[in-house]
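Heads up: the structure comes next, in structure tokens.
Ligands are counted one by one from 1 in listed order, and the atoms in each one are counted from 1 as well.
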Amino acid sequence: MTRDLRLGVNIDHVATVRNARGSAYPDPVRAAKLAEEAGADGITAHLREDRRHIGDQDIERLVAELSVPLNFEMAATDEMQAIALRHKPHAVCIVPEKRQEVTTEGGLEVAKQENRLAHFIAPLADAGCRVSIFIAADRAQIEAANRIGAAVVELHTGAYCDLHAEGEFEARDAELERLRDMAAFAHSLGLEVHAGHGLTYDTVGPVAAFPEVRELNIGHFLIGEAIFRGLPDSIREMRRLMDAARA
Ligand code: PXP
């Protein structure tokens with residue numbers, strides 16, 4: 001079934017827990033299959049340059065074993081391009097990556113490296129991958145993503161979620177407004193619009209309600225919540241909140 005608003009479940013942090021001990025468990029591929037059964041429309045995994053969570057073997061197994069589409073997050077490096085071209089996942093999401101960061105802190109700077117990125121994504125698109133660019137809700141970045149030939153933009157919701165967590169509600173609402181306007185703007189250019197980063201049960205509703213948004217990618221909160229209520233139930237509740245906001 002093709003849904004009006006898809007939920008992509010990011011399983012990176014199952015691998016974070018596994019790697020904390022260098023053990024074979026918990027297995028992110030097992031989590032991905034469980035997420036699939038619980039209603040995830042896709043699985044997202046970020047192969048970082050330093051392999052701090054997901055590893056090359058995980059990607060190989062996800063490609064071989066998943067029934068839902070894989071959204072492969074990666075930095076715009078030659079090494080990652082070669083891996084993506086070998087596996088040809090359904091989608092490739094280009095994200096900025098800094099070695100010292102705890103998580104993907106901001107969106108990709110597309111406008112200042114248009115030429116390089118246009119050449120970088122062309123072979124991925126030619127190989128049949130849907131190329132998505134992870135960017136801040138910023139007009140110049142959206143226009144640049146459109147010019148380089150991306151099919152999708154994923155809007156970074158991290159700032160909105162941080163402001164909510166800090167109780168800065170006025171600033172949060174202003175950020176939400178910006179996300180709403182930029183989702184509509186990206187859609188008006190013909191781009192498919194996704195959103196994600198930092199979303200929780202408390203913050204997902206207003207973003208899920210944007211009519212132009214077709215997919216939300218959510219990971220860290222769901223994996224944490226799984227400790228308390230199990231992964232399937234955590235995902236089902238997120239799905240319920242998304243559907244309620246959309247209705
Ligand atoms: N979308 C993108 C492009 C990301 O890089 C991430 C984090 O890897 C997410 C969504 C999911 O963010 P979170 O784990 O905070 O839900």
So is there a nitrogen or oxygen of Glu73 less than 3.5 Å from a nitrogen or oxygen in ligand 1?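 Yes, since at least one N or O of Glu73 sits under 3.5 Å from an N or O of ligand 1.
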Does an N or O from Asn217, backbone or side chain, lie closer than 3.5 Å to an N or O of ligand 1?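 Between Asn217 and ligand 1, no N or O pair is found under 3.5 Å apart.
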Is ligand 1 under 4.0 Å from a heavy atom in the side chain of Glu154, in the backbone, in both, or in neither?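 Under 4.0 Å from ligand 1, Glu154 contributes side-chain atoms alone.
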How does Leu222 reach ligand 1, if at all, at less than 4.0 Å between non-hydrogen atoms: by side chain, backbone, both, or neither?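 Near ligand 1, Leu222 shows nothing, with every heavy atom at 4.0 Å or more.
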Glu36: what forms a side-chain contact (heavy atoms from CB on, under 4.5 Å) with it, not counting sequence neighbours?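 Listed in chain order: Leu66, Ser67, Val68.
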Ligand-side contact atoms (ligand 1) for residue partner [X], heavy atom cut-off under 4.0 Å:
X      : answer
Gly219 : 13 (P), 14 (O), 16 (O)
Val95  : 3 (C)
Asp12  : 8 (O)
Ile218 : 16 (O)
Gly198 : 12 (O), 13 (P), 15 (O), 16 (O)

Residues which pass salt bridge (Lys or Arg N to Asp or Glu O under 4.0 Å) with Arg130, listed by chain and number, not counting sequence neighbours: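 By the salt bridge (Lys or Arg N to Asp or Glu O under 4.0 Å) rule, Arg130 matches Glu192.
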Rounded to the nearest 0.5 Å, how far apart are CD1 of Ile11 and OG1 of Thr44?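 These two atoms lie 8.5 Å from each other.
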Pair Asn217-Glu215, side-chain donor/acceptor within less than 3.5 Å: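 A pair is found: one side chain offers a donor N or O, the other an acceptor, under 3.5 Å apart.
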When the ring centroid of His46 is compared with that of Phe72, is the distance short of 6.0 Å?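 Centroid separation for His46 and Phe72: 6.0 Å or greater.
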Measure the acute angle between the ring planes of His13 and His220, then classify it against the limits of 30° and 60° as parallel, tilted or perpendicular.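 Rings of His13 and His220: perpendicular, over 60°.
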Could you walk me through whether Glu225 and Leu222 pass side chain to side chain contact (heavy atoms under 4.5 Å, CB included), step by step? CA-CA 5 Å; Glu225 190 65 10; Leu222 287 173; 5.5 Å; no
